[in-house]
Amino acid sequence: MKKDFLEITDFTTEELWETLELAKKIKDEVKSGKFIPRLADKTMSMVFAKPSARTRVSFEIGMVQLGGYALYLSPNDIGIGKREAVKDIARVLSGYNDIIMARLFDHKHMEEMAKYATVPVINGLTDYNHPCQVMADIMTVWEHRGNLDNLKVVFVGDGNNVANSWINLACRLPMHFVISTPCGYEPEQWLLDKAKNAGLSTVEAIADPLEAVKNADVIYADVWTSMGQEEEKAKRLSDFAEFQINAEMLSHAKPDCKIMHCLPAHRGEEITDEVLDGPNSIVFDEAENRMHAQKAIISFLFGITK
Ligand code: CP
Ligand code: NVA
């Protein structure tokens, strides 16, 4: 049976740790100048219905570093769900490639892609979630702290796709996860309940961001207006005004609190230059780790764990 990676919870806790260990190993190898061709002769199609910098480059270069090949298909190439049905392109690409990575709008399309593809499918972001991002995020936290013990992560801003993958991560790894959003931008209650009922983590929604970030080990930012929501931008700028991550907010967290952002950042909106470029920020390690985490995810889907 092929395995897909559409959400963090597609992996068990043990599988997540195995993947994180492999990611660290692969990163160490690369840093010492070793490129082990774990994916020699494997090919990947990358289907993008939305723009990307990190996801495209990190998957493409990651495949090359592992001895494979990745092909970029831009938003204009396939016209997924419009020019061609998802289930048709899933079967066509399965005939050409060993694995598919896709960035789509509708998460149902991602599930349909995985259902009809006969090769593994990796989710490179949908309107619902962004699991590869959060794998890189937790790898980065682990790398910086040396462990994930007694971890408090506070996501400040929109209850969006990245937040949803963090909530799914809290179903698998123990943490204190707090989300602070303006009224009307909370994550779905069923998802918060799922994480609470998983019984590993404390999961809370706290409306006041300054209250939420108390004792935070990590404050996490994302844009207030995600791809596809551009028409709502003016309203969102005003609704999120109190949720900017700035020096005043940071002063309410632990002194060594790490600042994370999946990027791209809208500097001066959800986060100030001072904080993004400041000593607490680990955003560029986080961005780099996309590549190492994803190489481990791909390897894992091919049954390679070492
Ligand atoms: N963080 C992230 O997924 O970046 P891109 O949208 O540039 O791929
Ligand atoms: N929430 C953002 C994440 C970008 C990586 C978006 O969907 O646009």
Side-chain angles (χ1 to χ4, degrees), residues 8 16 20 129-130 133-183 185-187 191-192 195-196 198-224 239-263 265-287 289 293:
I8 293 282
L16 287 175
L20 290 170
N129 66 354
H130 198 2
Q133 178 66 53
V134 171
M135 281 296 279
D137 295 341
I138 200 66
M139 175 184 175
T140 312
V141 175
W142 178 41
E143 194 172 51
H144 275 268
R145 290 177 103 227
N147 62 63
L148 299 181
D149 301 343
N150 303 313
L151 175 67
K152 179 175 178 183
V153 177
V154 183
F155 190 106
V156 178
D158 188 17
N160 64 15
N161 43 10
V162 177
N164 287 343
S165 281
W166 267 101
I167 297 167
N168 275 292
L169 185 69
C171 296
R172 289 286 185 264
L173 300 181
M175 68 181 79
H176 183 184
F177 180 78
V178 178
I179 182 150
S180 186
T181 71
C183 183
Y185 295 96
E186 301 87 354
L191 186 57
L192 291 170
K196 286 178 193 167
L200 277 184
S201 298
T202 303
V203 178
E204 295 180 286
I206 298 179
D208 176 355
L210 298 185
E211 174 68 25
V213 301
K214 270 188 195 153
N215 284 319
D217 297 297
V218 173
I219 299 178
Y220 198 100
D222 188 7
V223 291
W224 293 337
D239 289 350
F240 284 87
E242 301 302 312
F243 289 78
Q244 183 186 65
I245 296 171
N246 51 31
E248 157 67 9
M249 185 181 288
L250 189 53
S251 73
H252 290 257
K254 283 186 183 165
D256 62 348
C257 175
K258 304 296 183 212
I259 297 296
M260 302 185 77
H261 192 310
C262 56
L263 303 177
H266 292 169
R267 287 169 176 265
E269 291 181 19
E270 75 275 1
I271 192 162
T272 58
D273 285 330
E274 185 187 13
V275 171
L276 192 63
D277 298 326
N280 298 60
S281 171
I282 55 171
V283 298
F284 298 106
D285 289 341
E286 178 187 359
N289 282 339

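Between Ile259 and Leu250 there is a side-chain heavy-atom pair separated by less than 4.5 Å. Here the side chains of His130 and Val134 are not in contact, with every heavy-atom distance at 4.5 Å or above. Here the side chains of Met249 and Pro209 are in contact, with some heavy-atom distance below 4.5 Å. Using a 4.5 Å cut-off on side-chain heavy atoms (C-beta onward), Glu186 and Ile179 make no contact. Here the side chains of Asn280 and Val275 are not in contact, with every heavy-atom distance at 4.5 Å or above. In this structure the side chain of Leu169 reaches within 4.5 angstrom of the side chain of Leu16, judged on heavy atoms. Counting heavy atoms from C-beta on, the side chains of Glu270 and Ile245 never come closer than 4.5 Å.
A side-chain donor from one of Asn160 and Asp222 sits under 3.5 Å from a side-chain acceptor of the other.
For Ser180 (side chain) and Ala207 (main-chain N/O), a donor-acceptor pair under 3.5 Å exists by modelled atom type. Judged by distance alone, the side chain of Ser201 and the main-chain N or O of Leu173 form a donor-acceptor pair under 3.5 Å. Formation of a donor-acceptor pair under 3.5 Å by the Ser251 side chain with backbone atoms of Glu248 is found in this model. Although no hydrogens or angles enter the test, the distance criterion places no donor-acceptor pair under 3.5 Å between the side chain of Glu286 and the main chain of Ala136.
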(request) Apply side-chain contact (heavy atoms from CB on, under 4.5 Å) to Val218 and Thr140, showing your working. (result) CA-CA 11 Å; Val218 173; Thr140 312; over 6 Å; no
(request) Tell me, with the steps shown, if Leu20 and Met135 meet side-chain contact (heavy atoms from CB on, under 4.5 Å). (result) CA-CA 8 Å; Leu20 290 170; Met135 281 296 279; 4.2 Å; yes
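For Tyr220, the ring pair (Phe, Tyr, Trp, His ring centres under 6.0 Å) partners are Phe155, Trp166, not counting sequence neighbours. With sequence neighbours left out, Phe243 forms a ring pair (Phe, Tyr, Trp, His ring centres under 6.0 Å) with no residue at all. Qualifying side-chain contact (heavy atoms from CB on, under 4.5 Å) partners for Asp208, counting only residues two or more places apart in sequence or in other chains: Leu210, Glu211.
Residue Val283 comes nearest to His261 through the heavy atom pair CG1-N, 3.4 Å, listed as atom of the first residue, atom of the second, then distance. The nearest pair of heavy atoms linking Leu276 to Ser281 is O-OG, 2.8 Å. Here the closest non-hydrogen pair linking Met260 and Asp137 is CE-O, 3.5 Å. Pairing each heavy atom of Asn164 with each of Pro187, the nearest pair is OD1-CB, 3.9 Å. Of all heavy-atom pairs between Ala163 and Phe177, the closest is O-CZ, 4.5 Å. Considering every non-hydrogen atom in both Ser165 and Asn129, the closest pair reads OG-CB, 3.3 Å.
Within the structure, salt bridge (charged side-chain N to carboxylate O under 4.0 Å, His left out) pairs that include any residue of residues 140-152 comprise Lys27-Glu143, Arg145-Asp217 (at least two apart or interchain). Residue pairs meeting the salt bridge (charged side-chain N to carboxylate O under 4.0 Å, His left out) criterion with at least one member in residues 158-175, sequence neighbours excluded: Asp158-Arg236. Applying the salt bridge (charged side-chain N to carboxylate O under 4.0 Å, His left out) test to pairs two or more places apart or on separate chains, those with a residue in residues 271-282 are Arg267-Asp273, Arg267-Asp277.
With rounding to the nearest 0.5 Å, the separation of NE2 in His144 from CG in Asn289 is 7.5 Å. The line from OG1 of Thr202 to NZ of Lys196 is 10.0 Å long, rounded to the nearest 0.5 Å.
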